[in-house]
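Worksheet for the structure shown next.
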Amino acid sequence: MTIDLKGEIFQLMSGVADDLGIECYLIGGYVRDLLLQRPSKDIDVVVVGSGIDMAKAVAQKLGKNTHVSIFKTYGTAQVKNRQYELEFVGARRESYQQESRNPIVEDGTLEEDQNRRDFTINALALCLNASRYGELVDPFDGLGDMDRLTIRTPLDPDITFSDDPLRMMRAVRFSTQLGFDIDPVTFEAIERNKERID
């Protein structure tokens, strides 16, 4: 499925990604809200490579009054100006220790990055590279869950919630904000893991 993705900023990022020779995708809440036709300002971008290099190159193209904040520990960067707030991250896989929400981060593939997302509706990605521009990558049927008005984790919900217990609160928030139901298996996992929120 291909989405008709309009906007100068997307064309600019597409050109930068192709110039750098890296795969680049819109991902997460922005894609979800775009498909739900909800307004959204925060644009998350995942690249198979260095998110920081991509952010710097995009900021340079955007010109003056554009600020870049770099968070090296997590390989992320934020680009802000009057028009845009863009968050760039290199595709990654994460592992967690029981007592911490802070992941151990390693470089990964797009698939591994989508695996680590909280919910199927937030794992949707749109390719920005010219050869596949607007192509939807939806490995967990997030689009179907949007049609069914369902909040569901991409992988085993016990693992998803154990990795980051605040995801349980996010499930409830998204359910309330979007008018979606929480998938029964996901809801049972919230009941089992609720003490982890402490």
* Structure fact -> Applied to residues 64-84, the salt bridge (Lys or Arg N to Asp or Glu O under 4.0 Å) test, sequence neighbours excluded, yields K80-E85
* Where at least one partner belongs to residues 144-155, residue pairs that pass salt bridge (Lys or Arg N to Asp or Glu O under 4.0 Å), sequence neighbours excluded -> D141-R148, D145-R148, D145-R152
Do [X] and [Y] come close enough that some side-chain heavy atom pair is under 4.5 Å?
{"X": "T109", "Y": "Q114", "answer": "no"}
{"X": "E23", "Y": "R132", "answer": "yes"}
{"X": "I22", "Y": "V16", "answer": "no"}
{"X": "D183", "Y": "T153", "answer": "no"}

Atom pairs and distances, donor-acceptor, side-chain atoms in residues 35-62, under 3.5 Å, two or more places apart:
from : atom 1 : to  : atom 2 : distance (Å)
R38  : NH1    : D33 : OD1    : 2.8
S50  : OG     : I52 : N      : 3.3
S50  : OG     : D53 : N      : 2.9

* **Residues N122 and R117: side-chain donor-acceptor under 3.5 angstrom** => no
* Asked: Do D18 and N129 have side-chain N/O donor and acceptor atoms under 3.5 Å apart?
  -> yes
* Pairs where residues 151-172 contributes a residue and the test ring pair (Phe, Tyr, Trp, His ring centres under 6.0 Å) is met, not counting sequence neighbours -> none
* Asked: Restricting to pairs with a member in residues 13-40, which pass ring pair (Phe, Tyr, Trp, His ring centres under 6.0 Å), not counting sequence neighbours?
  -> F10-Y30
Show me the donor-acceptor pairs within less than 3.5 Å that the side chains of residues 168-175 make with the rest of the protein, sequence neighbours left out.
from : atom 1 : to   : atom 2 : distance (Å)
R170 : NE     : D118 : OD2    : 2.7
R170 : NH2    : D118 : OD2    : 2.7
S175 : OG     : F180 : O      : 2.5

* Asked: Counting heavy atoms not belonging to F187, are there more than 12 under 6.0 Å from its CZ?
  -> no
* Asked: Is it true that K6 and D4 make a salt bridge, defined as a side-chain N closer than 4.0 Å to a carboxylate O?
  -> yes
* Give, for atom CG of L110 and atom SG of C127, the distance between the pair rounded to the nearest 0.5 Å. => 9.0 Å
